[in-house]
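For reference, the structure is listed below as structure tokens.
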Amino acid sequence: MYASKHDDASTRPPVFSSGHDEPPLEKDPITAEFSARVESHKLSLRGRKLTMAIAIVTGTGFTLFGYDQGVMSALLSAKQFEKTFPEVVVNDAHKNHATLQSLLVAIYEIGCLIGALSNLWIGDRLGRRRTIVLGGLVMIIGAILQAASFSYAQMLIARVITGLGNGLNTSTVPSYHAECSPATRRGSLIMIEGSLITFGIMISFWANGSSAQWRVPIALQIIFALIMIVGIGFLPESPRWLLKSNRPAEAMAVISALDDKPITDPQVKRTFHAISEAVEMEDLEPRTFGAEKSSTMASRKPSLRELFTGGRTQNFRRVSLGIVIQCFQQITGINIITYYATLLFERLGISDTKSRIIAACNGTEYFLASLIAIGLIDKVGRRKLMLFGSTGQTLTMILLAVLGSISGSGAQVVSAVLLFVFNSFFAVGWLGMTWLYPAEIVGLRMRAPANALSTASNWMFNFLVVMVTGPSFENISWKTYIVFASLNAIIIPAVYFFFPETAGRSLEDMDVIFALAYEEGVSPVAVSLRKDVPVAGSPEADIILGLKSSSSEGITNSSH
């Protein structure tokens with residue numbers, strides 16, 4: 001398609017009509033006119049400074065996410081909180097309160113689910129940055145309502161509203177960060193976000209261990225939201241979204257700034273070209289110069305039906321992987337500890353005060369363990385870390401079940417230690433992985449709706465796990481761990497056989513991997529582990545993606 005119009009593979013622009021204020025490009029984008037347009041969008045932050053600024057701001061969003069998760073765990077057994085909300089007190093006289101207690105915790109996930117699903121419609125329309133700002137504003141409103149609550153019903157509504165904002169953020173922030181990160185460091189950068197979830201959880205535990213009123217710790221999340229909202233104003237939009245939205249000069253300016261190289265640099269041009277082809281490949285109809293804006297926008301608007309398509313794009317397979325991995329994270333049982341840490345330690349016969357201290361220490365250890373994954377993710381790869389985490393989690397849950405069936409102080413002490421061990425395995429293998437992987441595995445056209453669905457999967461199964469945990473421990477006690485041991489065991493073969501490796505690949509490289517797997521009729525997992533897959537933007541990749549015929553370039557498929 002491109003071969004007949006553009007001779008230089010490294011500088012071909014995307015072929016589209018202008019839906020914005022920028023005139024359409026012609027032939028070589030590195031013209032005086034195009035250079036002038038790029039210069040007008042030049043960023044003051046560049047290279048490492050820009051990369052770190054993006055990591056800090058997006059990380060603040062995930063610190064907010066972790067803090068809001070952990071704060072409720074520490075409050076559930078706080079005397080001042082119980083006095084205001086007696087519905088959360090579970091004792092022999094009020095055993096039915098276990099469901100009300102779980103509902104107060106889990107209702108937050110319903111808000112997150114709705115917020116994530118709303119990204120199906122507003123994610124690509126608003127762009128990554130404005131969606132994050134909207135999510136932050138909604139979370140501030142929810143935090144204010146939570147801190148001002150005086151009744152159980154009011155707190156339920158306030159937690160749903162807070163969840164709406166968090167759902168928007170968690171389905172947008174990983175995509176934004178992945179689209180603004182280099183392939184060689186994308187894993188470690190987004191793993192920082194996972195670590196900051198646990199950092200927020202750790203802060204929430206220690207903050208609630210003080211004598212401060214419960215309203216103050218809840219209100220503290222407003223600070224994180226404000227930092228995120230203000231910080232995002234100084235950052236650029238995702239270059240992938242900019243190209244998708246007919247703003248090539250801005251996209252080129254961002255790519256140049258991220259690499260800290262001029263727009264004439266071959267790597268910058270290759271990245272621009274690869275993203276342009278991803279946009280072109282995933283359009284419903286070819287775009288041509290002079291088309292009406294309305295028809296152009298209609299052709300580029302993704303349809304939810306496309307989520308179920310196969311072919312070279314393999315949309316259904318890729319979206320399913322994103323949804324399933326988010327489900328897997330929740331059925332590991334991590335939120336048994338995240339939301340109910342203090343109560344779990346109390347069930348082991350530890351006093352209220354000591355349980356709070358141990359829960360805070362547990363949150364601290366959780367954060368420290370998560371730092372390990374940052375150094376390993378791009379060296380070891382995604383698959384090995386997931387398999388390591390799942391194996392360790394399965395064994396830990398089995399041991400918790402065995403010790404739970406044994407009475408005695410020794411068994412209680414070891415059980416308490418094993419809760420720390422479980423957190424460690426999860427932090428290394430699964431904590432940040434499920435926010436990184438869906439953003440990597442899905443193509444550009446489907447990324448926003450796919451991440452909305454995958455994040456919705458996270459919150460839906462989060463809700464189910466949190467909702468059933470309280471009643472489960474009340475009714476079957478230690479046997480609850482057997483259930484989660486079985487679920488963790490199922491994850492191991494699923495990851496091994498169905499999850500391709502994404503480490504070291506650009507986001508556009510994954511399009512090539514799935515297209516090549518389709519062309520050869522083999523598993524994408526096997527293709528992802530090969531070293532001979534052409535990089536996105538190369539003539540060989542163009543053929544695999546169906547953008548050129550092999551005859552037009554004199555290249556045969558045997559060269560692959």
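Everything quoted here is computed from the prediction, not taken from an experiment.
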Next on the checklist: Using ring centroids (six-membered ring only for Trp), state whether W459 and F65 fall under 6.0 Å.
Outcome noted: yes

I'd like to know if the side chain of [X] reaches the main chain of [Y], judged simply by a donor and an acceptor atom lying under 3.5 Å from each other, with no hydrogens or angles considered.
X: S424; Y: F420; answer: yes
X: R447; Y: V442; answer: yes
X: R312; Y: I544; answer: yes
X: S454; Y: N451; answer: yes

Item to check | Stepwise side-chain hydrogen bond (donor to acceptor under 3.5 Å, both in side chains) check, N458 with Q329 | outcome: CA-CA 7 Å; N458 180 290; Q329 186 194 58; 2.8 Å; yes

Checklist entry - Can N462 and Y108 be said to form a side-chain hydrogen bond (donor to acceptor under 3.5 Å, both in side chains), step by step? => result CA-CA 10 Å; N462 195 328; Y108 173 73; over 6 Å; no

Which residues pass the side-chain hydrogen bond (donor to acceptor under 3.5 Å, both in side chains) test with [X], not counting sequence neighbours?
X: S457; result: none
X: D378; result: S188, R382
X: T63; result: none
X: S528; result: none

Checklist entry - Is the CZ atom of F463 crowded by more than 12 outside heavy atoms at less than 6.0 Å? => result yes

Next on the checklist: Counting C-beta onward and ignoring hydrogens, is there a side-chain heavy-atom pair between P248 and L243 closer than 4.5 Å?
Outcome noted: yes

Checklist entry - In this structure, which one of R240, R128, R186 forms a side-chain hydrogen bond (donor to acceptor under 3.5 Å, both in side chains) with E179? => result R128

Next on the checklist: The test is side-chain hydrogen bond (donor to acceptor under 3.5 Å, both in side chains); show your working for S195 and S370 and say whether it passes.
Outcome noted: CA-CA 5 Å; S195 294; S370 70; 3.0 Å; yes

Item to check | From CA spacing to verdict: side-chain hydrogen bond (donor to acceptor under 3.5 Å, both in side chains), W435, T455 | outcome: CA-CA 8 Å; W435 303 107; T455 307; over 6 Å; no

Checklist entry - Could you walk me through whether R530 and E520 pass the salt bridge (Lys or Arg N to Asp or Glu O under 4.0 Å) check? => result CA-CA 13 Å; R530 284 163 48 178; E520 296 182 352; 2.9 Å; yes

Item to check | Pair R270 + D259: basic N to acidic O under 4.0 Å | outcome: no

Next on the checklist: List the residues meeting ring-ring contact (aromatic ring centres under 6.0 Å, His included) with F461, not counting sequence neighbours, and say none if there are none.
Outcome noted: none

Next on the checklist: Restricting to ring-ring contact (aromatic ring centres under 6.0 Å, His included), what partner residues turn up for Y437, sequence neighbours left out?
Outcome noted: F499

